[in-house]
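Sequence lines set the chain letters: A, B, ... in the order given, protein chains first and strands last, and positions in each chain run from 1.
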Amino acid sequence: MTITAVKGFNDILPGESQVWRLIEETAWRVFSSYGYAEIRLPIVEKTELFLRSIGETTDIVEKEMYSFADRHGDGLTLRPEGTASAVRAYIEHKLYARPVTRLFYRGPMFRYERPQKGRYRQFYQIGAEALGEAHPRMDAEAIEMLMRFFGELGLPGAVLNVNSLGCPECRPVYKERLIKFLDGVKDRLCENCRRRLGTNPLRALDCKGHGCIEATGAAPPITDALCAGCKDHFDRVRSALHERGTEAAVNHRMVRGLDYYTKTTFEITSTGLGAQNAVAAGGRYDGLVADLGGPATPCFGFAVGMERLALLLNEAGIKGEAPPMSAFIALGGEAAKTGVGLVRRWREAGVPVVEVLGDGGLKSGMKKADRLGAAYAIILGEDELKAGVVTVKDMKTAEQRQVKWDEAAGHIK
RNA sequence: GUGGGCGUGGCUCAACGGUUAGAGCACUGGACUGUGACUCCGGGGGUUGGGGGUUCGAAUCCCCUCGCUCACCCCA
């Protein structure tokens, strides 16, 4: 048996990596323009970090983490998400000395789930976190930035949904009210949701079962149960979004799967992703920094699923641009020798050149150049050698001309 | 963890249980000795995912197993 990659761990092949690069470069440019700076975080953290941040009873912690003991017996985990690490670093390096810290990161995350379209065991996220700002305009600014990012990429059909999950003051009150309601329609709920009644009743609102959607249709919306502070915050986030020209639909059934969210949550979905239709999601987490031992610090953040984004961009026909590449064909030993220096100079000038190696002659060389997808073929044979020129052929139009060695770079850009 | 679909040259797929498992594309050589794509002719390439069973005979039928994929759960 040949060795294959581990299930759910994928190779991103050359034809695909171009769009990934486009995504990363666009993120870097857009996020930087909002004052976010890149932070590079480790892929492994102490398991306890995730237990305390994501929540011990969440699916991620209960059954999806890649946890192991290292050689000293310390419990470590391959990060299942990025926010916990960012917050850990924020506290550890006392970045709270500044009024607001805007960070972004990108890299692989790991969750032990059954792979399917848009979901893998190693998957990549680009995340952004703004730590230290409580103002509702922070929420709106971050969401606007994300929409701008999608806009610059040309992503079609992105839909923004927002909701508020309240705070430690008002969420328990709502929870009680919801449990009372769900109890009344208990017999129409699916098995899963009946169990959730006791553990996490909010999730019943998010259930995709037809019976549950109907049964919870008349459930009291959380946004009616918010305390004065949370309600005011939510209203101001929405009007701030409106001011920025960012259209948002309120979806009170949207519930996040991580425990640390408070107040604003949001999700951006798109068709074409199959069942996993969220391409980005996030929200406010005002309690997490304090929970992890730092000073009380209100925060807002989000993460983008890069495979899902790449999938959507591919469907939309958006590819990263590769610069035109040339193929250099030398005929004979003397030409090959001289060619070494010529090719080096073109490359130093920033022009990509692939050398066609082997002694197959011009015909074979041209064929290889074609198969390589070269935009230009550069031929150096005995005639050219004598005249101090190369023949440059445009592979698309079949036009060709002879140019001097020093001027060739300008003809193959 | 549960369910559905699919595994045949590098790729896309054929082959009523019956010769030596074929075709297109790709690769390679030639027609064309300094010009790719188009045309024509030739060539290489397969343990039919793996194992077992039924049969005179299995790519085909049965069982097991592995892999891929989609969906459930959940999430980016």
Pick base, sugar-phosphate or nothing for [X], based on heavy-atom distances below 4.0 Å to the nucleic acid.
X	result
A/Arg111	base
A/Tyr120	base
A/Gln400	base
A/Glu62	nothing
A/Gly118	base
A/Glu267	nothing
A/Ile126	nothing
A/Ala369	nothing
A/Ala374	nothing

Determine the Euclidean distance between corresponding [atom1] atoms of [M] and [N]; express it in Å to zero decimal places.
N	M	atom1	result
B/U48	B/A21	C1'	8 Å
B/G52	B/G4	P	26 Å
B/A14	B/G57	P	28 Å

Among [options], find the nucleotide with the atom closest to the side chain of [X].
X	options	answer
A/Arg371	B/A37, B/G1, B/C27	B/C27
A/Asp370	B/C72, B/U35, B/G36	B/G36
A/Arg119	B/A76, B/A37, B/U35	B/A76
A/Met366	B/C73, B/U2, B/G36	B/G36
A/Glu307	B/G34, B/A76, B/G36	B/A76
A/Glu113	B/G34, B/A71, B/A76	B/A76

Taking 4.0 angstrom as the limit, do A/Lys386 and A/Glu384 come out as a salt bridge?
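No, no charged N to carboxylate O under 4.0 Å.
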Indicate yes or no: does A/Glu307 engage A/Lys117 in a salt bridge with an N to O separation below 4.0 Å.
no
Please check if the number of heavy atoms outside A/Trp20 that lie under 6.0 Å from its CH2 is greater than 12.
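Yes.
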With hydrogens left out and only the distance checked, is there a donor-acceptor pair under 3.5 Å joining A/Arg203's side chain and the base of B/C73?
no
Between the base of B/G36 and the side chain of A/Lys393, is there any donor-acceptor pair under 3.5 Å?
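For A/Lys393, whose side chain was compared with the base of B/G36, there is a donor-acceptor pair (under 3.5 Å).
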Verify the distance criterion only: is there a donor paired with an acceptor across the side chains of A/Ser85 and A/Glu45 at less than 3.5 Å?
yes
Test the A/Arg121-A/Tyr112 pair against the cation-pi criterion, namely NZ or CZ under 6.0 angstrom from the six-membered ring centroid and within 45° of the ring axis.
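Yes.
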Is the NZ or CZ atom of A/Arg106 positioned over A/Phe104's six-membered ring, under 6.0 angstrom from the centre and within 45° of the axis?
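No, A/Arg106 does not lie over the aromatic ring of A/Phe104.
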Structure string for RNA chain B in dot-bracket form, Watson-Crick and G-U at under 3.5 Å, | interchain
(((((((..((((....[...)))).(((((.......))))).....(((((..]....))))))))))))....
Can you name the side chain to side chain contact (heavy atoms under 4.5 Å, CB included) partners of A/Pro201, sequence neighbours left out?
A/Lys175, A/Leu178, A/Ile179, A/Leu182
Between A/Lys117 (NZ) and B/C72 (C1'), how many Å, whole number?
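Taking NZ of A/Lys117 and C1' of B/C72, I get 17 Å after rounding.
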Length of the CD1-C1' vector between A/Ile143 and B/A76, whole Å:
16 Å
Angle between ring planes, A/Phe31 versus A/Tyr36, binned at 30° and 60°: parallel, tilted or perpendicular?
tilted
